[in-house]
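The structure's right below; bear with me while I get my questions together.
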Amino acid sequence: MNYQPLKYIYKASRDATANTLLLLHGTGGDENDLLPIAGELGANFNILSLRGNVSEGGMPRFFRRLGMGVFDEQDLVFRTNEMVAFIKELAIREKFDAGKLIALGYSNGANIAGSTLLLYPDFLAGAILYRPMQPFAIIGAGVKTSKRIPVFMSNGTTDPTIDPAATRIYVGTLKNAGFDVTHHSLPTGHNLTRQDLQLSADWYKKEFITLNPA
Ligand code: MLT
């Protein structure tokens with residue numbers, strides 16, 4: 001199968017050297033969904049918001065699944081490669097720095113962001129993963145990032161779709177791969193809450209504004 005382009009929204013900030021927030025929606029969403037959440041993190045970044053190329057009964061997704069929480073890993077690898085190739089091309093066309101991408105993904109979008117961290121450990125400069133699941137059942141010990149890449153994760157303790165024990169394993173996997181993970185277990189379900197937004201906005205400010213001003 002050949003790579004297909006992804007539908008997207010790109011909004012350039014005034015500063016061409018700024019970070020770019022890469023927005024990745026959840027199942028059934030689209031490239032408009034996370035724009036208000038990006039606004040919670042500030043304004044001094046470009047925004048690249050993608051729509052997943054897979055349709056599940058008309059609902060956009062970033063990769064196929066075989067059942068609830070059971071991923072088609074072959075498709076996930078293909079779709080991750082497709083997305084990364086698309087972003088690299090787009091960076092040239094839209095003139096943003098592909099080395100300053102911070103993914104912000106919810107649910108299915110968080111899972112392709114996690115897959116990107118694992119398949120391309122030095123590609124993203126950071127990631128915000130809301131309600132993620134470990135994207136691959138087995139992750140080789142050889143997966144290592146060579147940079148300091150901060151990763152924010154938040155899960156809900158009453159989320160019926162994600163087992164807290166599996167989340168603890170995923171956090172350990174990302175840490176073993178060298179990612180600097182900040183993880184929050186919140187007293188909520190699968191939906192995003194104000195607390196997710198506040199904690200991730202504080203994390204973003206600490207990691208990307210205070211420590212690394214653009
Ligand atoms: C996924 O398929 O990525 C997860 O099950 C989350 C979801 O999108 O429902």
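As the structure lists them, so they are numbered: ligands from 1, and atoms in each ligand from 1.
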With sequence neighbours left out, write down each residue that passes ring pair (Phe, Tyr, Trp, His ring centres under 6.0 Å) with Phe86, or none if nothing qualifies.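 In terms of ring pair (Phe, Tyr, Trp, His ring centres under 6.0 Å), with neighbours along the sequence ignored, Phe86 is linked to Tyr8.
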Output all residues satisfying side-chain contact (heavy atoms from CB on, under 4.5 Å) with Ser107, sequence neighbours left out; order by chain, then residue number.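 For Ser107, the residues satisfying side-chain contact (heavy atoms from CB on, under 4.5 Å) (neighbours in sequence not counted) are His190.
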Within one Ile-Leu-Val-Met-Phe-Trp-Tyr cluster: Leu24 and Leu124, side-chain cutoff 4.5 Å: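 Same cluster.
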Kindly state each residue pair satisfying side-chain hydrogen bond (donor to acceptor under 3.5 Å, both in side chains) with at least one member in residues 112-123, sequence neighbours excluded.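 Every pair satisfying side-chain hydrogen bond (donor to acceptor under 3.5 Å, both in side chains) with a residue in residues 112-123: Thr80-Ser115, Asn81-Tyr120, Asp122-Thr145, Asp122-Ser146.
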How would you list, by chain and number, the residues with a heavy atom under 4.0 angstrom from ligand 1?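 These residues qualify: Thr27, Arg61, Phe63, Arg65, Met68, Gly69, Phe71, Ser107, Asn108, Asn111, Met133.
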Does Val143 share a hydrophobic cluster with Met83, counting links as ILVMFWY side-chain heavy atoms below 4.5 Å and allowing steps through other members?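 Val143 clusters together with Met83.
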Parallel, tilted or perpendicular: ring planes of His25 versus Phe62, cut at 30 and 60 degrees: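 Rings of His25 and Phe62: tilted, as their planes differ by 30° to 60°.
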